Amino acid sequence: MNGLRLRICLLVFVLITPLARARAQESGKTISLTLDATQAPEKILRTTEVMPAKPGPLTLYYPKWIPGEHEPSGPVGNIAELKFTANGKTIPWRRDLLDVFTFHLDVPEGASSLEISFDYLEPSGGPYSGGASATDKLVVVSWNDDLLYPAGVRAQEIIYHPTLKLPEGWKFGTPLPVENQSGNEVTFKPVELNRLVDSPVVAGEYFRAVDITPEGEPIHHQVDIVADSEAALAMSPEVEKDMKNLVSESGKLFGARHYRDYHFLLTLSEHVAHFGLEHHESNDSRTGEDALLSPTGRRGLGGLLSHEFMHSWNGKFRRPADLSTPYYQAPMKDDLLWVYEGFTDFLGPLLAARSGLWTPEEYREHFAGTAAGLGPGRPGRTWRPLQDTADAIPGMFRFGGWGSWVRGADYYSEGDLIWLEVSMIIHDESHGTKSIEDFCHAFYGGPNNGPELKPYAFDDLVKALNDVVPYDWAAFFHERLTSTSPEAPVGGIERGGWKVEYNDKPPERAGEGGGCFGGSLTATYSIGLALGADGTVFDSIRDGLAFQAGVMPGMKVVAINDRAFTPELFHQALKASKDKPATMRLLVLHDDYYKTATISYQGGERYPHLVAVEGKPDTLDELAKALAK
């Protein structure tokens, strides 16, 4: 899509939304949507829609491609009791034979409206908004789970008038403007479908709203927290201060905002799916119940909230044209996810460091772990280029075993390294007169018209960078995206005055037990093995020592050196090999069979760290410093 066409699309998007809303309301074509969440503790949500209709064939869609999820992940299999009625009579329906998200029916003569009802049964698993979203004490409402919409109309031209019924006494947070509230029933102002889907609600018995608007900031920002206990709501004054700094630093980075106000929707529970999903005026972030109560939890939370906040600019306001589909059945092309997610994965840690949510040491450890995790010994790099990790995401969003061999969503982490290198090239080529902030101001700036979409193509990105610093950016990106080198792209780290080295000191992000982070016991850089705390094998590096001994993903280590497995014994066995050769005997359970794997190793525990290069300027630490006002 060329630049002129993009500008026309943007103009149409900006102008048509308020016009469509006004016309729909004037003509009575607004769809009434009532979501009864009073049985959320029992994992049941009930939808009733009243939709203007005229006699004849009608096709309705259940949202399929959800923005930010990058694949056709709408949880259509979770709906039950689907019924259509008109003039008090039930209407038969048929699911489309080629698309299970599509429903066909005939509206009878004399009918002017259609009533739709169905139950959404909360799942125990599933990706993102289709994952577990309710407990006995809380619920996260993703509107795309709970509605059908008419085919043949752009999402921004369909107006809904939503009402939400909650259990008695529950409080809620959302960016949606409230029209009125009576008891446990909340009616929101009429809203376009695309904005409704972009505006989730968190609600619960235990709820806290924390104002994090910095002094002098004209736009309101707050954290809306729901949790499974009152104690989990305890955001410390230090974290509250750092969150205010995060808002302040975002304004300095971009020089603009593109929302009316902003809500960090934070769910703290062990019984919901854990992830972060971006929205224009909010983010749906879910993590463990004790995230605000422990140092490791707060660090993880800082990275999560920073990442999702950055998406308001990169992913929601500026979005690749092929991800800017007009409605939720149109397939999305994910080839620019290394910008959408990769640049966000760079900006999130950067803002976490600048705001104080992360220490400078934690910021460096982040890059050390990222570089090492993509470095030599990861066979997936030698056959699958980074570009393919983005292209193939629909249907191939991998988590779990063999990640180092097959590769997963590496456009996040490797994109992070690439954009660090971009920021360093801008600094070096301009002799320090330009920075990544100049690019962010130019590409993501402009007036605040509230939430709006400004699509872009690859050529627009390259032009914007060249306007900041002339460089062969197209060739730079092409080389990084198509490379099958076994080496990670560490040019940004090296330009920043650092290098990756290994020693036996666990990284700052490690939890209790030493070397336990990301939910795994990491012996990746020693014997080529990553384990869960219970001994389950997450990954085994191809041709590593554990792999050669026959230890593979999906197995479970039940004993080490003839004693029942514990994380402590695992680390002791590694430490015993620091100064002399040692033999580790692992008793593993493979399906219903036991076998012994023997590993001979010398070198002890090995973890990646950044080490300053003597005589080189430290521009990496300079990058992470808070910006002057």
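Everything quoted here is computed from the prediction, not taken from an experiment.
The only member of T163, D145, V186, L164 that meets side-chain contact (heavy atoms from CB on, under 4.5 Å) when paired with L35 is L164.
R257 and S312 form no side-chain donor-acceptor contact under 3.5 Å, judged by distance and modelled atom types alone. If you check the side chains of Q329 and Y149, you find a donor sitting under 3.5 Å from an acceptor. S129 and N144 share a side-chain donor-acceptor pair at under 3.5 Å. Judged by distance alone, the side chains of T389 and D410 never bring a donor and an acceptor atom under 3.5 Å apart. Side chains of Y259 and H221: a donor-acceptor N/O pair is present below 3.5 angstrom, by distance only.
Under the 4.0 Å criterion applied to side-chain N and carboxylate O atoms, K316 and D198 are assigned as salt-bridge partners.
For W143 and Y160, the ring centers are positioned 6.0 Å apart or more. Checked against the 6.0 Å centroid criterion, the rings of F309 and Y262 qualify as a close aromatic pair.
Using a 30° and 60° split on the angle between ring planes, H307 and H311 fall in the perpendicular class, above 60°. Between F343 and W419, the ring planes are tilted. Angles from 30° to 60° get that label.
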Got a list of side-chain donor-acceptor pairs under 3.5 Å for residues 42-50, not counting sequence neighbours?
residue: R46; atom: NE; partner: D119; partner atom: OD1; Å: 3.3
residue: R46; atom: NH1; partner: Q39; partner atom: OE1; Å: 2.1
residue: T47; atom: OG1; partner: D146; partner atom: O; Å: 2.8
residue: E49; atom: OE2; partner: L148; partner atom: N; Å: 2.7

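Atom CZ of R195 is separated from atom NZ of K189 by 15.0 Å, given to the nearest 0.5 angstrom.
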* Asked: Does the pair D388 and R407 meet the rule for a salt bridge (charged side-chain N to carboxylate O under 4.0 Å, His left out), with working shown?
  -> CA-CA 10 Å; D388 189 65; R407 301 193 83 176; over 6 Å; no
